[in-house]
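Every chain is numbered from 1, with letters handed out A, B, ... down the list of sequences.
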2 protein chains.
Amino acid sequence: MARSTKAAAEKTRRRILDAAEQLFYVHGVAQTSLEQIAEAAGVTRGAIYWHFADKVALFRALYEGVRLPQEDLVEQAASGGNPDPLGLLEQVACDCLKTLAADRQRQRVYAILLFRCDYLGEMAEALARQSEADAAMHANLTRLFAMAGRDGLLSPRWAPAVAERAFTAMMRGLWVDWLRYERNFDLAGVGSDCVRGLFRSFRAE
Amino acid sequence: MARSTKAAAEKTRRRILDAAEQLFYVHGVAQTSLEQIAEAAGVTRGAIYWHFADKVALFRALYEGVRLPQEDLVEQAASGGNPDPLGLLEQVACDCLKTLAADRQRQRVYAILLFRCDYLGEMAEALARQSEADAAMHANLTRLFAMAGRDGLLSPRWAPAVAERAFTAMMRGLWVDWLRYERNFDLAGVGSDCVRGLFRSFRAE
DNA sequence: GGATATACCTACATCGCTGTATGTAAAGTG
DNA sequence: CACTTTACATACAGCGATGTAGGTATATCC
């Protein structure tokens, strides 16, 4: 076949990305060949090499298309002198779980990033991005919890640094377990209950 | 070279396993060829094929050599009518963190299982084992928390199922974050503090 | 409406990796 | 001391995947 309009080209690019997302999710990044992606997208490898330099570039385009939950968290909980930072964070965290639970594409991409690829060699930059997002999140939340501690909003039984780690660990554990085992519990419901329980403990004097 | 004694053969088997562990950890399972493993072990691919059927078998031997933390947890917290199941679980969990923090081999193998391999195709059984271990752990802990709830040991503000999920999520999050980012916090110290904080909340009436 | 760039497809050349078959020297066995 | 088995090493065959070069038909631009 031949060339179509610019819009059509963008469409095939999308089809390639969608096919890659599906196949990476089902078979893993390393186990998926460009041939398979091309076939699933209804094109040939030539089309893929036209739109992307190689498989790594394709992978990069895939994960750059979605926002990480850490990035969501850090952005929405900016907390510029909020009167109730803990309440805000609790709300944002629950929203975050709800969003993830509803967005199949995010689920697939996160699952790929978590379980469907090994991060070495060329893929390392994907890990680097997550690492940066995590660092930013920790920095931000550490400030937030420290503030809450100073303002007497955080129970003295929780050292701010410990509370921050407990919160991030629980969040990570929730979506790791949920994604890993095929969403075998109610993330938005039970997950949010877990978060609320933890924050109840944070606030108790 | 030639054949040596049976003990020497076992030694080369170990060398192969050690080399594989190192390389899988550094480069990922898929990105590591048997040739590289052989070179690192100071043998040829022939030796690997003598001791193992293929790379998958080698990988299996590797992860079958260590116990999963879920298995540790479920075994040590058997809790046959323990008067203080929550206290027991808290202790076991902290021990678990301490053990992981001290055992480099476990850290590498867990990291490989978590981040250095994609679980599809032949590797799926590795995930299956973890899945079973997790299921057993959840079943056991669900019973434990339900018991604690009935006995009035668990705060009524924590539904047993939610508490169980909160605990397992926190544990998973702790060692996932710790392993993923090169042990960038004090797992035994801060991690245990997190667990203790959570259990304090569990017990508060 | 001719020239050119675009958006692919086809064909090829290559290469790393796997698996297996074969060789071989030492260790075990009777 | 024959012989067999063990514990590897070496050599080979083949495939699958990658990257690229070249072809082609259609938009797009002037």
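In this structure, B:Arg15 does not pair ionically with B:Asp18, as no charged nitrogen and carboxylate oxygen lie closer than 4.0 Å.
In terms of phosphate contacts, A:Thr12 brings no side-chain nitrogen or oxygen within less than 4.0 Å of OP1 or OP2 of C:dA7.
Residues that satisfy the side chain to side chain contact (heavy atoms under 4.5 Å, CB included) test with B:Gln91, not counting sequence neighbours, are B:Asp95.
Between A:Phe202 and A:Trp158, the ring planes lie perpendicular to each other; the angle is over 60°, past the 30° to 60° tilted range. Relative ring orientation between A:Phe145 and A:Phe167 is described as tilted, the plane-to-plane angle lying within the 30° to 60° band.
By the neighbour-count criterion of 12 heavy atoms within 6.0 Å, atom CD of A:Glu10 is densely surrounded, having more than that number from other residues, nucleotides or ligands. Counting heavy-atom neighbours within 6.0 Å of B:Arg14 CZ, excluding the residue itself, gives a total of 12 or less.
A straight line from CD of B:Glu35 to P of D:dT10 spans 11 Å, rounded to a whole angstrom. Rounded to an integer number of Å, the gap from CZ of A:Arg13 to P of C:dT6 is 16 Å. When rounded to the nearest whole Å, the span between CD of A:Glu10 and C1' of D:dA27 equals 17 Å. The distance from atom CG of B:Leu34 to atom P of C:dC17 is 10 Å, rounded to the nearest whole Å. C:dG16 atom C1' lies 11 Å from atom CD of B:Gln36, rounded to whole Å. Taking atom CZ of residue B:Phe52 and atom C1' of nucleotide D:dC8, one finds them 14 Å apart after rounding to whole Å. Across the protein-nucleic acid pair, A:Asp54 atom CG and D:dG19 atom P stand 5 Å apart, rounded to whole Å. For the pair A:Glu39 CD and D:dG16 P, the interatomic distance rounds to 14 Å; values are reported in whole Å.
Of all heavy-atom pairs spanning A:Leu86 and A:Phe199, the tightest one is O-CE2, 3.4 Å.
Using a 4.0 Å cutoff on non-hydrogen atoms, no part of residues 20-31 of chain A comes near DNA chain D. Heavy-atom distances under 4.0 Å link DNA chain C to A:Val43, A:Thr44, A:Gly46, A:Ala47, A:Trp50, A:His51 of residues 40-51 of chain A, given in residue order.
The CD atom of A:Gln130 sits 8.5 Å away from the OH atom of A:Tyr63 when rounded to the nearest 0.5 Å.
With a 6.0 Å cutoff to the six-membered ring centre and a 45° limit on the axis angle, A:Arg116 counts as a cation-pi contact of A:Tyr25.
Proximity note for A:Ser33 (side chain, C-beta onward) versus D:dA17, D:dC8, C:dC8: the nearest is D:dA17.
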